[in-house]
Amino acid sequence: MRLMGRERIWYNGRNSFTKKDNTMKKIATTLAFAFAALCARSEDDESQYKFNAGADLRIRQEIMHNVPQLPGGGTLGRPGVYRGKTKNQMRFRPDVWAELKMGENWRIYGKLTDEFRAGIVQKTHNQTFPNELVLDNLFIEGRNIFDGLVDFRAGRQNLYRMYGLDHIFVDGTPGDGSATTYANMVNLTFHFDEANWLDLFALYNADQEELRWGTKRSRHTAKTGFGRAHPEMDDWGFGAVWNSKFDFGDWQLFAMQKDTSSFHDFSGIKHPKRQVNLVGTKFVPRWSDELTTPLEAMGQVGRNGGGDTLYGYLAYAGVDWKKKTESSWKPYASSGILFMSGDKNAKDEDGGHHAWDPMWYRGVDDSEMFLYGSCYGCGWWSNQINWKSTVGMEFGYRHKAQVMFGPMWAETKDGLGGGDGRFKGFLTQLRYDFPIYIADKDSGGRLEVFGHVLVEYFNPGDYFETDKPAYFFRWQLDFRF
């Protein structure tokens, strides 16, 4: 929704007004009134209803240079902005949240988020407040209902690492550069006993936000893909995850389906719709209280709008260690190798028929730089062998330092990088998180101020046509009230 004079016009991002938009507006209005009514009722019965609210402000500066992309341009459709040049921008993200707890089992949570940016080098990209105020979260949750049989959550909620499947669920909205991570989602969990439970989910992600208030410039801001003046790249899906805990480890078996609508990229090329079905398993043996070795295997089959058969695979093997100690100093280390299938015809066949579809693993867990630098799409991880190792130390609450490093190869020589080989390069990431002011929660304090500094350095290999090193730098401060 955008504001024009004194009128509020519900706008769907495609120069039309639809019944769908009016329905969404009614749903949002109904939920907002219900939330307000319950908040008012909370004042009458403090034993049953508890209301809480707060605000956050995130300030960060990002500088990047020579980020590898497709030769002559990039997946973001802006030739020369990143590759071969420096991008330097400030980002400001304020948000406000409110929560209503209803007894021991139910709660409603809502959050409004905005982000606006100021380009230090590309000043023409400056944004003004409010750039795009969106409904970041609004869900109702019930835990241990029906005598502990069911957990339930419905509404807009964060997708990050759901169900512990961190190679499937990371970011529902990678296109906005981690301003949000939500998905419109329904979750049901059935507990059969303490060691066995079943998770069911269904979700929908719109590429262009409908529940929004903003400026004319932000009207077509893309959430999942390329966006702007082109039709949406919406996606939706559903699935089931079986979970079991044993004395010697944890096991999961899962199946899910993802559909993606057709869309046009910045060059005007139409990409067909896709449907991908995934089955997989994850097993995490526990060798001690400090040591685990996660193992994952997944396969995909599907079809696109052109009638082509799609299939791909993913495999992961790793080792995770964290020292158990009463000391505030806790060292940790991990190492793992991730395989994602590729396709030698990716350049001519819209990513190829055998390349791994990342599902909703479209974030920055493996690299902040490659959210912008992927050759396949924004945050689109595919066709890679990534051997990543991490060594770090926790010093206390919100205080730690770590280094992540490792080589990257293309699983298949697809030529998208412009080079003649499969070695993508060597990536190193340094990160330091630090507290500035920590609230005394025992006395009811709330204000916290903390931050981090992050540096990535990428030395490209023969997969890319360029041999110029790339870097990404960020400092960030967070204020929580």
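- Between Tyr163 and Phe254, the distance separating the two ring centers is not shorter than 6.0 angstrom.
- Judged by distance alone, with hydrogens and angles left aside, the side-chain atoms of Asp259 form no donor-acceptor pair with the main-chain N or O of Gln275 at under 3.5 Å.
- A distance of 6.0 Å separates CG in Asn158 from CG in Asp136, rounded to the nearest 0.5 Å.
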Verdict with reasoning, Gln429 to Tyr457, per side chain to side chain donor-acceptor pair (under 3.5 Å): CA-CA 7 Å; Gln429 182 191 89; Tyr457 181 84; over 6 Å; no

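- Between Asp478 and Gln476, the side chains place a donor N or O and an acceptor N or O closer than 3.5 Å (distance only, hydrogens not considered).
- Applying the salt bridge (Lys or Arg N to Asp or Glu O under 4.0 Å) test between Lys223 and each of Asp234, Asp176, Asp171, Asp207 identifies Asp176 as the sole match.
- Counted by atom type alone, Asp235 and Trp360 present one or more donor-acceptor pairs between their side chains at under 3.5 Å.
- Listed for the Thr412 side chain is no donor-acceptor partner under 3.5 Å among the backbone atoms of Asp414.
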side-chain contact (heavy atoms from CB on, under 4.5 Å) evaluation trace for Tyr182 with Thr113: CA-CA 11 Å; Tyr182 66 74; Thr113 295; over 6 Å; no

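- A salt bridge links Asp357 with Arg274: the closest approach of a Lys/Arg side-chain nitrogen to an acidic carboxylate oxygen falls below 4.0 angstrom.
- Atom CH2 of Trp387 has 12 or fewer heavy atoms from other residues, nucleotides or ligands within 6.0 Å.
- The two residues Met162 and Phe169 have their closest heavy-atom pair at O-CD1, 3.6 Å.
- Look at Arg58 and Asp95 and you find no salt bridge, because none of the NZ, NE, NH1 or NH2 atoms lies under 4.0 Å from a carboxylate O.
- Put simply, the residue from Glu456, Gln61, Arg431 that forms a side chain to side chain contact (heavy atoms under 4.5 Å, CB included) with Arg474 is Arg431.
- In this structure Phe190 satisfies the side-chain contact (heavy atoms from CB on, under 4.5 Å) test together with Val150, Leu188, Phe192, Leu200, sequence neighbours excluded.
- Classified by interplanar angle (parallel below 30°, tilted 30° to 60°, perpendicular above 60°), the ring pair Tyr109/Trp97 is parallel.
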Derivation of the salt bridge (Lys or Arg N to Asp or Glu O under 4.0 Å) call for Arg91 and Glu115: CA-CA 7 Å; Arg91 299 176 59 177; Glu115 187 184 65; 3.0 Å; yes

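- For Tyr311, the OH atom counts as loosely surrounded, since its 6.0 Å shell holds 12 or fewer non-hydrogen atoms of other residues, nucleotides or ligands.
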Residues Thr428, Met404; criterion side-chain contact (heavy atoms from CB on, under 4.5 Å); working and verdict: CA-CA 6 Å; Thr428 303; Met404 183 183 78; over 6 Å; no

Full working for ring pair (Phe, Tyr, Trp, His ring centres under 6.0 Å) between Phe458 and Phe370: CA-CA 10 Å; Phe458 180 69; Phe370 276 88; 5.1 Å; yes

CA sep, side-chain torsions, deciding dist, call: Ser244, Trp197, side chain to side chain donor-acceptor pair (under 3.5 Å): CA-CA 7 Å; Ser244 292; Trp197 66 96; over 6 Å; no

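- Separation of atoms OG1 (Thr173) and CG (Asn205) is listed at 7.5 Å; rounding is to 0.5 Å.
- If you check the side chains of Gln157 and Asn187, you find a donor sitting under 3.5 Å from an acceptor.
- Distance CE/Met408 to NZ/Lys424: 5.5 Å, rounded to 0.5 Å.
- One finds the CZ atom of Arg153 at 14.5 Å from the CZ atom of Phe201 (value rounded to the nearest 0.5 Å).
- Every residue meeting the side-chain contact (heavy atoms from CB on, under 4.5 Å) condition with Asp166, not counting sequence neighbours, appears here in chain and number order: Arg161, Lys282, Glu296.
- Of the N and O atoms on the side chains of Asn137 and Arg156, not one donor lies less than 3.5 Å from an acceptor on the other residue.
- Minimum heavy-atom separation, Tyr361 to Trp381: O-CD1, 3.7 Å.
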